[in-house]
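One structure is given here, and the rest of the page talks about it.
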2 protein chains.
Amino acid sequence: MERSKILVVDDESRMRKLLNDFLTRSNFTVLEAGDGEEALDMFFDDKEIALIILDVMMPKMDGYEVCRTIRKYSQVPIIMLTAKSSERDELQGFDLGIDEYVTKPFSPKLLVARVEAILRRSRASQADVVEVGGIRMDRAAHQVYIDGEPVELSYKEFELLEYFMDNQGIALSREKILNNVWNYDYFGDARTIDTHVKKLRSKMGDKGEYIKTIWGMGYKFDAGV
Amino acid sequence: MERSKILVVDDESRMRKLLNDFLTRSNFTVLEAGDGEEALDMFFDDKEIALIILDVMMPKMDGYEVCRTIRKYSQVPIIMLTAKSSERDELQGFDLGIDEYVTKPFSPKLLVARVEAILRRSRASQADVVEVGGIRMDRAAHQVYIDGEPVELSYKEFELLEYFMDNQGIALSREKILNNVWNYDYFGDARTIDTHVKKLRSKMGDKGEYIKTIWGMGYKFDAGV
DNA sequence: GAGATATGTTCACATAACTTTCACAAGGAA
DNA sequence: TTCCTTGTGAAAGTTATGTGAACATATCTC
């Protein structure tokens, strides 16, 4: 997977540095903007920005304003940083097309998890139907076919398979799977993944072998093509 | 591998000198700070600090405080020095993002080993695919290919080969291998390395010869290219 | 809102895979 | 040769994963 470019907009440089650090560590490329105007300039200059993290409270042009302007031209995912949850409630009243709200102070780890989840979603919607090694995944219909036959998968099973198919050939640790397929607020047993993998494999028949176990590490989807 | 810069923070100058000595000998560049404020100044002045060793008990600003401040802006690895293990337990209750705890008195040798292990971890994610002399190592897929054919390696075997390939042409003592490939809390027989080397060699076929024995010393990976 | 149904999670145990140790063989150094 | 290090195969020990069932939670139906 290529490195996605993320634009961080905040007037406080410390906050920008913090986010930059964490996101860079998580393998994203980060651009920083110190105010709304700069943010708009950077966004319209660089067509490859995959996601924007936007502080609400900024001098001159606030996050709300920046968001409205961008939304006139683009559906790029936007995460809003708000200082109080009351701000958040207020904003949610308007339909600004904001993908997530994160209230300060937040755990950077959590933010990264949300960023990954959103990007996954927005990447997913690019190709609605994918077919690999006899497995056809129709995201719009939320339906999977194996050798042309429809297979009944539960919601989680579908999402798990989707994540596997989006990351073919890549070794995925349980932690990573949890972060991307489960909600960020799930803190249960990672072994639940094993159970889901078991069900997935059995529902997939002989294609179940595509889900390889990487002992001591996690799982990997590999259709061998 | 370039010399990594390490910041040692302790109010006792004897302790700083001791650490400085050992780390310098192990080929690190060392900066010293005598208190928390100085530490913060040095850290934010010098963007190249790769790791911080931090004493908990210090006058004015304690290690706990320093850590929290740094964590607001940076994910640099931090090793905490604690006087009693009770302190350690207490600290672990908070999620400060500390990478390691070392309880005084400690063996400097052990500390150096931990430093190396942590730095290796944080460096590891640089090049995802490496190929040398017909051996292709795909870290993302956690898979090794020899002459294009996939080879099944266990977790430890993979890590061992990874370490060898990251240190091509360098003679590696068993001690060093243990410190870097095994966990620091492994105190078993170093001969387990021999067994793993044997398995690796046999799984690598004629490429097994790349792992040379350095009699009386250890091993070396050398693809002769 | 109660009961039924489907889905998701946890648990305990079986199984499989891996790691370490051991004992002895083989090989290099003095 | 003699001492010490390394190679090797197999046994013993350890840990991770597979699996079925119980339990919990959410969803649907009436």
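Each chain gets a letter, A, B and so on, in the order the sequences are listed, and its residues count up from 1. These numbers come from the heavy atoms of this one structure, side chains and all, not from hydrogens, waters or symmetry mates.
Looking at A/Thr195, its side chain comes within 3.5 Å of the base of C/dT10 through a donor and an acceptor atom. In this model, a side-chain donor or acceptor of A/Arg191 finds a partner on the base of D/dG18 within 3.5 Å.
Protein atom OH of A/Tyr219 is 13 Å distant from nucleotide atom C1' of C/dA17, rounded to whole Å. When rounded to the nearest whole Å, the span between CD of B/Glu159 and C1' of D/dT15 equals 15 Å. What separates NE2 of A/His196 from C1' of D/dG20 is a distance of 15 Å, to the nearest Å. Rounded to whole Å, the distance from CZ on B/Arg201 to P on D/dT6 is 11 Å. The distance from atom CG of B/Asp189 to atom P of D/dT14 is 15 Å, rounded to the nearest whole Å. If you take CD1 of B/Ile211 and P of D/dG7, they are 10 Å apart, rounded to a whole angstrom. Look at CG on B/Leu200: it is 15 Å from C1' on D/dG7, rounded to the nearest Å. In this structure, A/Ile193 atom CD1 and C/dG8 atom P are separated by 14 Å, rounded to whole Å.
Annotation: A/Trp182 is in aromatic contact with A/His196 [ring centroid separation under 6.0 Å].
A residue-by-residue look at A/Lys198 and A/Asp194 shows that A/Asp194 has its nearest nucleotide of DNA chain D further toward the 5' end.
Applying the 4.0 Å criterion to OP1 and OP2 of C/dT19, one finds that A/Trp215 has every side-chain N and O outside that range. The phosphate of C/dT10 has OP1 or OP2 within less than 4.0 Å of a side-chain N or O from A/Tyr186. B/Tyr155 has no side-chain polar atom (N or O) that falls below the 4.0 Å cut-off from OP1 or OP2 of D/dT14. Contact between the side-chain N/O atoms of B/Arg174 and the OP1/OP2 oxygens of D/dT5 is not found at any separation under 4.0 Å.
Checking B/Asp147, B/Val130, B/Val151, B/Val144 one by one against B/Ile135, the side chain to side chain contact (heavy atoms under 4.5 Å, CB included) holds for a single residue, B/Val144.
Between A/Phe164 and A/Tyr219, the angle of the ring planes goes over 60°, which puts this pair in the perpendicular group of the 30/60° scheme. By the 30° and 60° cut-offs, the orientation of the rings of B/Phe221 relative to B/Tyr210 is perpendicular.
As judged by a 4.0 angstrom heavy-atom cut-off over every strand, B/Phe158 is placed among residues making no nucleic acid contact. Using a 4.0 Å heavy-atom criterion, one finds that A/Lys156 contacts the sugar-phosphate atoms exclusively. Among the heavy atoms of the strands lying under 4.0 Å from B/Lys199 is at least one base atom, whether or not backbone atoms are also near. When heavy atoms are screened at a 4.0 angstrom cut-off, B/Ile214 is found touching the sugar-phosphate backbone but no base atom. Within the nucleic acid shown, A/Thr192 comes within 4.0 Å of at least one base atom, counting heavy atoms only.
Closest contact between the side chain of A/Thr213 and the listed nucleotides D/dG18, D/dG20, D/dG7 involves D/dG18.
Residues A/Thr213 and A/Arg201 have side chains that bring a donor and an acceptor to within less than 3.5 angstrom of each other.
Taken to the nearest 0.5 Å, the CD1 atom of A/Ile211 stands 4.5 Å off from the CG atom of A/Leu200.
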